[in-house]
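A short write-up of the structure that comes next.
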Amino acid sequence: MEIKLHEITVREVFNGYNNEESGQVVAYGGKLNVRPAYQREFVYDDKKKVAVMNSILNDFPLNVMYWSENEDGTYEMLDGQQRTISICDWLDNGYSIFANPASPTTPYYAHTSKEITDKILDYKLMIYICKGTDTEKLDWFKIINIAGEKLTDQELRNAIYTGEWLSDAKRYFSKNQCIAYKIGEKYMSGSPIRQDYLQTVLSWASEKENKTIEQYMAEHQHDTHATPLKQYYKTIIDWVELTFPKYRAKLMKGLNWGILYNEYGNNVYDPNELEKEINLLLQDDDITKQKGIYEYLLSGKTKEKVLSIRAFTDNEKRTLYERQHGICPMCKAEGKDIKWDFEDMHADHKIPWSKGGHTTLENGQMLCREHNLQKSDT
């Protein structure tokens, strides 16, 4: 692979700059693709953008940038997208900076001061331009992105499985105020622009087909659109809203709804009955993981462990042990008068929680290890 260092002014890079709503960003007379399919979305906040501009105004060097040159003489941004867009958006009158040390509270936009604007336009960027095969360029891309804003796992996957399918999926799942965000923000966690929504839905879809995310993306890489994935996501959100009409943010946001849909989506539930049971479960002090209520109800009450039912405390265990004088009641029923050490016994609910028993001393007992395991298996 051939790599050469170039000095290119901001003026040259800004020439032809266009940041389209579709997500396509071009510069350098229209010859530079600032945001190829494998690049992340723009993630710099205002503080970082202003820091870039202040570095230029103070003649501080910015880190080198990396472009790749295509066979037709056009270029793709390998590294430097965040800095490039920060600079070009300011020149495009996108935001204010405080550029005058003598008047630090006076905001400046591009062109309000010719001296400041020209200083930025004449600033020289240090850019490595490389030529090579797609594999060589992508390998280099991974290496140079180890530092700085660390790529997420999904951003790295996007660098490999490029194409129309991925572009369509990113438009739906990976933009600020994207459709996926507007439809399901109440139920999703993470940031669309850091690929959290896309990764989550891909994990659900791939799990349904018993595949890895990488296998799923490879299978669909050359599709012309991502409509099935989008429909799958919308079906999940619709199912959640119909099954659990009352929204509870603390309990519902961020649950693995796709995994629950994959397993229970074909079952028929009465939303009114579910709501009654939710209200009862929310009042149960033994439940320490209320987010597990939804999986518990969907599973037909076969996964009690998802609720993390309150266990007996060490003091309660000691009280039960002393009350029984170290004798396991099930051993005693079998005619075995064995006194066990405290460490060899386990606290147990006489009446299981699923049958109305609670974690109280009246409903507690200490069993030997063998009988505790026997009871757990029944």
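One is the number of the first residue; the rest follow in order along the sequence.
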Determine whether the aromatic ring centres of Trp353 and Tyr296 lie less than 6.0 Å apart. yes

May I ask you to check whether Tyr264 and Tyr269 place their ring centers less than 6.0 Å from one another? no

Please determine whether residues Ile338 and Leu320 belong to a single hydrophobic cluster, defined as Ile, Leu, Val, Met, Phe, Trp and Tyr linked transitively by side-chain heavy-atom distances below 4.5 Å. yes

Could you check, using the six-membered ring where one of them is a Trp, whether Phe173 and Tyr197 have ring centers closer than 6.0 angstrom? no

Hey, mind stepping through Ile278 and Arg248 against side chain to side chain contact (heavy atoms under 4.5 Å, CB included) and telling me if it holds? CA-CA 11 Å; Ile278 290 172; Arg248 295 175 171 88; 3.6 Å; yes

For the backbone of Thr313 and the side chain of Glu316, can you confirm whether one donor and one acceptor N or O come within less than 3.5 Å of each other? yes

Pair Phe312 and His349, ring centroids less than 6.0 Å apart: yes

Is there a path of hydrophobic side-chain contacts, each under 4.5 Å between heavy atoms of I/L/V/M/F/W/Y residues, joining Leu281 to Tyr247? yes

Between Thr359 and Asp286, do the side chains contain a donor N or O and an acceptor N or O under 3.5 Å apart? yes

For the residue pair Glu164 and His222, confirm or rule out a side-chain donor-acceptor distance under 3.5 Å. no

Any idea how Tyr172 and Tyr233 line up, ring-wise: parallel (<30°), tilted (30 to 60°), or perpendicular (>60°)? perpendicular

Is the ring pair Phe244/Trp257 parallel, tilted or perpendicular, if the boundaries are 30 and 60 degrees? tilted

Donor-acceptor under 3.5 Å (Asp284 side chain, Leu280 main chain): no

Quick check against the 3.5 Å criterion: does Asn363 have a side-chain atom that pairs as donor or acceptor with the backbone of Ile351? yes

Quick one about Tyr17 and Asp89 (side-chain donor to acceptor, distance below 3.5 Å, no hydrogens or angles considered), yes or no? yes

For Phe60, is there any backbone N or O sitting under 3.5 Å from a side-chain donor or acceptor partner on Asn58? no

For Pro329, does its backbone N or O pair with a side-chain atom of Gln365 as donor and acceptor, under 3.5 Å? no

Please confirm whether Lys175 makes a cation-pi placement over Tyr181, using NZ or CZ under 6.0 Å from the six-membered ring centre and within 45° of the ring normal. no

Determine, for Glu185 against Lys253, whether the closest basic-nitrogen to carboxylate-oxygen distance falls under 4.0 angstrom. yes

Closest heavy-atom pair, Lys317 versus Ala347, reported as atoms and distance to 0.1 Å, is CG-CB, 3.8 Å

Backbone N or O of Ile327 within a donor-acceptor pair of the Gln324 side chain at under 3.5 Å? yes

Check Asn33 against Gln24 and note the closest heavy-atom contact, atom names and distance. OD1-NE2, 3.3 Å

Interatomic distance, CG@Leu166 vs CZ@Arg171, rounded to 0.5 Å, equals 10.0 Å

